[in-house]
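Atoms within a ligand are numbered from 1 in the order they appear, just like the ligands themselves.
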Amino acid sequence: MVHASLLERKVIHVDMDAFYASVEIRDNPSLKGKPVIVGGSPEGRGVVTTCSYEARKFGVRSAMSCAQAYRRCPQAIFIRPRFEKYKAASDVIREIFHEHASLVEPMSLDEAYLDVTGATAFASQIASVIRRQVKERTGLTCSAGVAPNKLVAKIASDFRKPDGLTVVSPERVHDFMRPLSVRKISGVGPKFEERLNQKGIFTCAQLESYGLERLTLDFGNSGPWLWARAQGIDPTPVGRFGTRKSLGSENTFPKDLTRLDEIQSAITEIAEEVFESVTRRQLQGRTVTLKVKYSDFTTITRRHTSNLAPATADELRAVGHSLLQHTEAGRRPIRLLGLTLSNFGGEEDDAPEEKEDPNGTLF
Ligand code: TTP
Ligand code: MG
């Protein structure tokens, strides 16, 4: 049973605009207005981490290979990521968030949920102040969404990107959701979307009118979950555990790795990064998954669950190295390695795998 107080909250979702690219442009103003891609080199095998909105006009997207990005936008300026700079900007925005909310759930370097239910000021005003302070203190723009829960706040922050604010008051949630694609529901990925599309369900309104009963017949436990989300209902609390189910990092290498020692040191590096990232979010994951993609693109995973989560980067590295023994590392060239932590403690989520609004109420 969901506690009623969870349904009437004030949640702000803040997400920086084209984050890595915006930092690079801020620090080199000659890049302003140009298609900028942050990632590997166009000749290499790296991927795009992000790109400026100018580059997006050419169809360049995060996670696309740099080679493909180059084909779509040969005039783009390619820049290697500089994480210290992004981390520094991230620290500043987090400080701002904590000045305005006691409950802050960072989702990544550039994104967080804030629960401001108890605040005396209007949530929309708090969001405006945050956006202004982010601009003043980092020189970067962000977008924010204000809503009664995380699901709607996240969709709202994306609604008027870049540099936008969207406020969805409780009474407007339902109408706000209806025309949206089912894909907007966080937890509905491309495969799930395809299954829904096959049943003629494309929008949240269609999802809702398909009915709870039929959804449950067709999708089991995900039925009630989907039906609630389609109407903009999401009881998940803002909290340090959040809805995140796993956290990891992977690396595609410029040249296939063949020697065991270089494979092990690649794992060490990834383990350090992943451990840093879970620690920052105060998460502890008991399951470690190693992903190996061989040069022929065959991909395997090896998983280990222990009673206690790895307490140091070194412990995580050790698990990663022992999982490596169950692969063909050293005998077969490796293109990509990844490590993921999951099985976090805390609340379980049941998900399956200014342009200020003039009509907005003082919410
Ligand atoms: P996002 O917030 O998803 O993207 P963004 O901030 O670049 O653009 P916008 O929010 O305006 O749509 O991700 C934040 C940063 O995380 C992004 O700048 C780079 C990094 N990132 C990756 O490294 N790989 C990825 O696949 C994605 C999606 C993001
Ligand atoms: Mg962003």
With respect to [X], determine whether any N or O atom, backbone or side chain, lies less than 3.5 Å from an N or O atom of ligand 1.
| X | value |
| --- | --- |
| D110 | yes |
| E111 | no |
| D15 | yes |
| V48 | no |
| A21 | no |

Any heavy atom of [X] closer to ligand 1 than 4.0 angstrom?
| X | result |
| --- | --- |
| Y86 | no |
| P162 | no |
| M16 | yes |

Exercise. For ligand 1, which atoms sit closer than 4.0 Å to a heavy atom of F19?
Worked result: 5 (P), 6 (O), 7 (O), 18 (O)

Problem set entry | Element-labelled atoms of ligand 1 that are located less than 4.0 Å from some non-hydrogen atom of Y53 | 9 (P), 11 (O), 12 (O)

Roughly how far, to the nearest 0.5 Å, is [atom2] of [Y] from [atom1] of [X]?
| X | Y | atom1 | atom2 | value |
| --- | --- | --- | --- | --- |
| Y294 | L336 | OH | CG | 12.0 Å |
| I12 | S124 | CD1 | OG | 8.5 Å |
| E194 | K199 | CD | NZ | 12.0 Å |
| D234 | L151 | CG | CG | 5.0 Å |
| D163 | L140 | CG | CG | 11.0 Å |
| L215 | S209 | CG | OG | 9.5 Å |

Problem set entry | Set of residues satisfying side chain to side chain contact (heavy atoms under 4.5 Å, CB included) with respect to L180, sequence neighbours excluded |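 Expected list: I155, F159, F176, M177, K184, C204.
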
Exercise. Can you list the protein N, O or S atoms less than 2.8 Å from the Mg ion (ligand 2)?
Worked result: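 For the Mg ion (ligand 2), the protein N, O and S atoms that sit under 2.8 Å away are D15 OD1, M16 O, D110 OD2.
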
Exercise. Cluster question for you: counting only ILVMFWY and a side-chain heavy-atom cut-off of under 4.5 Å, with indirect links fine, are F19 and V38 together?
Worked result: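 In one cluster with F19: V38, yes.
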
Exercise. For the hydrophobic clusters of this structure (ILVMFWY residues joined by side-chain heavy atoms under 4.5 Å, transitively), does one cluster hold both V274 and L323?
Worked result: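 Cluster IDs for V274 and L323 match.
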
Exercise. With backbone taken as N, CA, C and O and side chain as the heavy atoms from C-beta onward, which portion of R56 lies under 4.0 Å from ligand 1: side chain, backbone, both, or neither?
Worked result: side chain

Problem set entry | Part of T49 within contact of ligand 1 (heavy atoms, under 4.0 Å) |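 It is both parts that get close, each with some atom under 4.0 Å.
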
For this session: Flag atom 12 (O) of ligand 1 as yes if some protein heavy-atom distance to it falls below 4.0 Å, otherwise no.
Result: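 True for atom 12 (O) of ligand 1.
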
So which heavy atom in the protein is nearest [atom], and how far is it from that ligand atom?
| atom | result |
| --- | --- |
| atom 18 (O) of ligand 1 | Y20 N, 3.0 Å |
| atom 4 (O) of ligand 1 | T50 OG1, 4.3 Å |
| atom 26 (O) of ligand 1 | S62 CB, 3.7 Å |

Exercise. L109 and S90: which non-hydrogen atoms are nearest, and at how many Å?
Worked result: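 For L109 versus S90, the nearest heavy atoms are O-OG, 2.7 Å.
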
Run the salt-bridge test on [X] and [Y] with the 4.0 Å N-O cut-off and return the result as yes or no.
| X | Y | result |
| --- | --- | --- |
| D115 | K150 | no |
| D175 | R172 | no |
| R82 | E24 | yes |
| E273 | K87 | no |

